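These notes concern the structure reproduced below.
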Amino acid sequence: MENFATLAAASINSGTPLLIAALGLLINERAGVLNLGAEGMMLVSAIVGFAVAHQTHMPFLGMLAGAVAGMLMASLFAWFVLVLNTNQVATGLALSIFGGGLSAFIGQSFVGQSLTSNAHGIPFLSDLPVLGKALFDHHGMVYVSWLLCAGLVWFLYRSRAGLVLRAVGESPESAHALGYPVIRIRYLALLFSGACCGLAGAYLSVVYTPMWVEGLVAGRGWIALALTTFATWRPARVLLGALLFGSVTILQFHFQAIGITIPSQILSMLPYIATIVVLVLISRNPDWIRLNMPASLGKPFRPG
């Protein structure tokens, strides 16, 4: 049971940055905007968050700085696709490449440096047998991500603002005809997405692996993008998917720990193999995707 608790705790910890980033991406996709720059936003936010936490010795400020960095990157993307009407796919890919290079440049003087890791967990509850270690011995951002997921469920399906956001994603022309500011709503959705990707990136460098190395995000931005499709753009399913992908990521270390003789290169491929397999399985039913995907996703909107 102790091994189970350890594996469950590690899976939750590993899935948290995927959950935060995917929830943000879900919102901008619900608004009809496809942003493939998540990897770049997370990388820039990771180095900015680490640098601020390292210099100030305040991890909270590092997380906040990461969120701001993510919003700035998202603002750059929004300016191109919403104001200049550039292609969303090409702009997102360019943002991802730009973020990778910028993070490597900024992080040159921080390579190999680390932060002091502090104890986490909920007092008393973390001391419970099995469940304490599995569920209550985590950093506060883990619980914030769960609350964020619940909040987005309410926002999307129980609030007027969420209804408007979904309407903009389904038919921006109709929403514009009714007087809703489509561009402004999409811009705000992108800012929220940037903040979430920023928090996810900062979580990786400040909490999950409190150090900086080039390419620290290691493809998690792309997995978060796949996760929104896997979850059919529903926050609760994003939570389940993040736990699933987090478990797959941790399995590679668990296999090595128990002595299973599988080449380390194959084990490192597990999260990405799982992502491809899931997308292939989902794509076998295009009608299911079509029914759940926002109708205007990836399509430009030009108000008349």
Side-chain angles (χ1 to χ4, degrees), residues 17-18 20-48 66-67 69-107 169 172 183 186-187 189-202 204-205 213-231 233 238 241 245 269 271-280 282-283 289 293-302:
L18 296 177
I20 298 173
L23 288 174
L25 294 168
L26 180 147
I27 290 298
N28 69 242
E29 291 185 11
R30 276 289 192 174
V33 183
L34 178 64
N35 183 2
L36 299 182
E39 183 81 3
M41 292 194 297
M42 289 176 69
L43 277 167
V44 172
S45 300
I47 180 54
V48 170
M71 292 176 71
L72 290 175
M73 292 286 286
S75 295
L76 180 63
F77 175 83
W79 183 70
F80 275 104
V81 302
L82 299 181
V83 178
L84 301 182
N85 281 315
T86 59
N87 181 274
Q88 294 180 17
V89 173
T91 306
L93 291 173
L95 184 70
S96 187
I97 296 170
F98 170 72
L102 181 62
S103 65
F105 175 75
I106 297 174
I183 299 298
R186 287 185 166 183
Y187 188 83
L190 282 169
L191 285 182
F192 177 81
S193 172
C196 288
C197 287
L199 284 173
L204 285 169
S205 62
V213 293
E214 186 177 336
L216 177 71
V217 175
R220 288 180 176 87
W222 300 110
I223 294 177
L225 279 164
L227 188 52
T228 59
T229 305
F230 167 79
W233 296 272
V238 169
F245 283 108
M269 291 164 57
Y272 311 105
I273 293 174
T275 303
I276 294 171
V277 169
V278 166
L279 290 177
V280 168
I282 290 176
S283 300
I289 292 293
M293 182 180 70
S296 69
L297 181 60
K299 300 176 182 177
F301 170 71
R302 296 177 176 86

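Remember, predicted model here, so these are calculated numbers, not experimental data.
- Here Glu29 contributes atom CD and Leu190 contributes atom CG; the two are 10.5 Å apart, rounded to the nearest 0.5 Å.
- Remark: side-chain polar atoms of Ser296 are paired, donor with acceptor, to backbone N or O of Gly169 under 3.5 angstrom.
- Counting heavy atoms from C-beta on, the side chains of Val33 and Phe77 come closer than 4.5 Å.
- Residues Trp233 and Arg30 share a closest heavy-atom pair of O-NH2, 3.0 Å.
- Within the model, atoms CE of Met42 and OG of Ser205 stand 10.0 Å from one another, a figure rounded to the nearest 0.5 Å.
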Legend entry - Stepwise side-chain contact (heavy atoms from CB on, under 4.5 Å) check, Val277 with Ile273: CA-CA 6 Å; Val277 169; Ile273 293 174; 4.2 Å; yes
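- Remark: Ile27 CD1 to Leu23 CG distance equals 8.0 Å, nearest 0.5 Å.
- In this view, Arg220 satisfies the side-chain hydrogen bond (donor to acceptor under 3.5 Å, both in side chains) rule with no residue, not counting sequence neighbours.
- Between Pro300 and Val81 there is no side-chain heavy-atom pair separated by less than 4.5 Å.
- Here the closest non-hydrogen pair linking Gly221 and Ala38 is O-CB, 3.9 Å.
- The CH2 atom of Trp222 lies 5.5 Å from the CG atom of Leu36; values are rounded to the nearest 0.5 Å.
- When all heavy atoms of Tyr272 and Gly219 are compared, the pair lying nearest together is CE2-CA, 4.3 Å.
- Under the side-chain hydrogen bond (donor to acceptor under 3.5 Å, both in side chains) criterion, Glu39 pairs with no residue at all, not counting sequence neighbours.
- The heavy-atom pair separating Leu26 from Thr228 by the smallest distance is N-CG2, 3.9 Å.
- The structure places CG of Leu199 at 11.0 Å from CG of Leu204, a figure rounded to the nearest 0.5 Å.
- Between Leu227 and Phe230, some side-chain heavy-atom pair lies under the 4.5 Å cut-off.
- Between Asn35 and Asn28, the shortest heavy-atom contact is N-ND2, 4.0 Å.
- For the residue pair Ser103 and Val44, the shortest heavy atom distance occurs at CB-N, 4.0 Å.
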Inset, instruction - Please assess Cys197 against Leu25 for the test side-chain contact (heavy atoms from CB on, under 4.5 Å), listing each intermediate value before the final yes or no. - result: CA-CA 8 Å; Cys197 287; Leu25 294 168; 4.1 Å; yes
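- Listed by first and then second residue, the side-chain hydrogen bond (donor to acceptor under 3.5 Å, both in side chains) pairs involving residues 81-94 are Thr86-Thr91 (not counting sequence neighbours).
- To the nearest 0.5 Å, atom SG of residue Cys196 and atom CE of residue Met71 are 10.0 Å apart.
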